[in-house]
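What's counted below: heavy atoms across the whole structure, side chains too, no hydrogens, waters or symmetry copies. Note that ligands are numbered from 1 as they come in the structure, with each ligand's atoms numbered from 1 the same way. The model shown is predicted, which means the values in this text are computed figures rather than measured ones.
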Amino acid sequence: MEKLWGGRFKKDINKEMEEFISSLSFDKKLLKHDLLGSIAHTQMLGKCKIITKVEEDKIVEGLKQILKEVQENKLEIASGEAEDIHSWVENKLKEKIGAIAGKLHIARSRNDQIALDERMYLKEEVLKIQDLIKNLQKSLMLTAQKNLGVIMPGYTHLQHAQPILFSHHLMAYFYMFERDKGRMQDLNKRVDVLPLGSAALAGTSFPIDREFVASQLGFSGISENSLDAVSDRDFILEFLSASAILMMHLSRLSEEIILWSSKEFNFIELDDSFCTGSSIMPQKKNPDAAELIRGKTGRVYGNLINLLTMMKALPLAYNHDMQEDKEPLFDTVSTLETSLFLMSKMIETMKINKEKMEKSTKGDFSTATELADYLVKKGLTFREAHKLVGGMVIYCLENKKNLEDLTLSELKSFHKNFNKKALEILKPQSAIDAKDSIGGTSLKRVKESIQKAKQILEEK
Ligand code: ARG
């Protein structure tokens, strides 16, 4: 196999060494982008009279043929065929059009070429991921809408804290994913910059037209510094960081789905199509999709640390270490895409056990804060009220009573200012209705938040 750099060498490369440096087995994912980038580059070389029109047409025609064969699945890339995808394309082009293929690489290096391919790839995937996030948000919003009014315990420290609407809980995730989508949108601005034209590191002496290439390939900007453009991977790091945060959100939701579908909670039932059984225990139905999303979060965090560590001591400009950026990138993209897809399907198809959720707010003292607030409205300081209600909880526990079972005379024995209204506020529904501050869990506020979510989904 011919090397792009063979001329300076007297001896052949060692076989293990050759395998060791090859990236073809994974960078073949960038074939389409490499071809499209090369076509734009060739058209620019022709336009700037660096090559002749005849040469331009021949090279472009050859590249287009390869692209077509790839799209029709007529071309297989076997590992060992070339050092990397750039060499593979040039070899293939030479097979098709002969020695003139050698003009493709004028005013270009694999260093700016790989940076270009990665940016083109990531721009595409970020759009896909934004769409997948949007679908998940839609599933959450629709499930929240369908179950409006369902009451559940709200937790802190995984202890019953205050009753909330189930829809409010789901919408919390909607807004987390909205920020994840925003992070993707924002980082895409910095991905959307053309590095081609930086050549190896210093730019080129050929009269190239970078603006033309940028517009051919749909880039919004052009890199300002050739050394920077070929040697930084912060655009991938930003994506991996945003992905790590997104996976953290998916993992928390997974954890709740796993808890909720346990016998102890029994708040939801997952659809059979997103569960598996046990090879030994016939009764088992396991929430595997949620478990694996939670589990794969580790690999996405790992990918971020992998690349940060790889980059941390590299001198300018390009170093071969940077070839190691691709596997963590590709792995993160595929993990995110599958996780997002499965999560929205799981949410869409799960059954909500409304009765169990509501029942579990009974007798859990989760309306104690309402009583304290009530006394504050009657003139006590919050600390006095808090202490007094704490005493009432002890009284209930010692007498095996629920807070909501207390009679008016029992209430009055704790404080003279308690009246009939106090009995009313002890119901979970009243506690929820009372949380009418902006962003709170009252039905009115949750409806507003769903309304806003709909607008958000329609906007972009
Ligand atoms: N396969 C290389 C990479 O992914 C492409 C750039 C190679 N450049 C070089 N000077 N060896 O980073």
Protein contact to atom 6 (C) of ligand 1 [nearest heavy atom, distance to 0.1 Å]: Tyr318 OH, 3.4 Å

Salt-bridge criterion met for Glu178 and Lys181 (N-O under 4.0 Å): yes

Nearest neighbour of atom 4 (O) of ligand 1 from the list Glu83, His86, Lys326, Glu324, on a heavy-atom basis: Lys326

salt_bridge(Lys454, Glu458) N-O dist < 4.0 Å: no

Ionic contact status for Glu61 with Lys64, cut-off 4.0 Å: no

Gln323 neighbourhood, listing ligand 1 atoms whose heavy-atom distance to it stays under 4.0 Å: 1 (N), 2 (C), 3 (C), 4 (O), 12 (O)

Backbone N/O of Ala161 and side chain of Thr156: donor-acceptor pair under 3.5 Å: no

Heavy-atom nearest neighbour in the protein, as seen from atom 8 (N) of ligand 1, with distance rounded to 0.1 Å: Asn111 OD1, 2.9 Å

Residue Ser23 vicinity, atoms of ligand 1 by number, heavy atom under 4.0 Å: 1 (N)

Closest approach of any protein heavy atom to atom 11 (N) of ligand 1, naming residue and atom: Arg110 NH2, 3.6 Å

Ring-face cation contact, Tyr121 with Lys326, 6.0 Å cut, 45° max: no

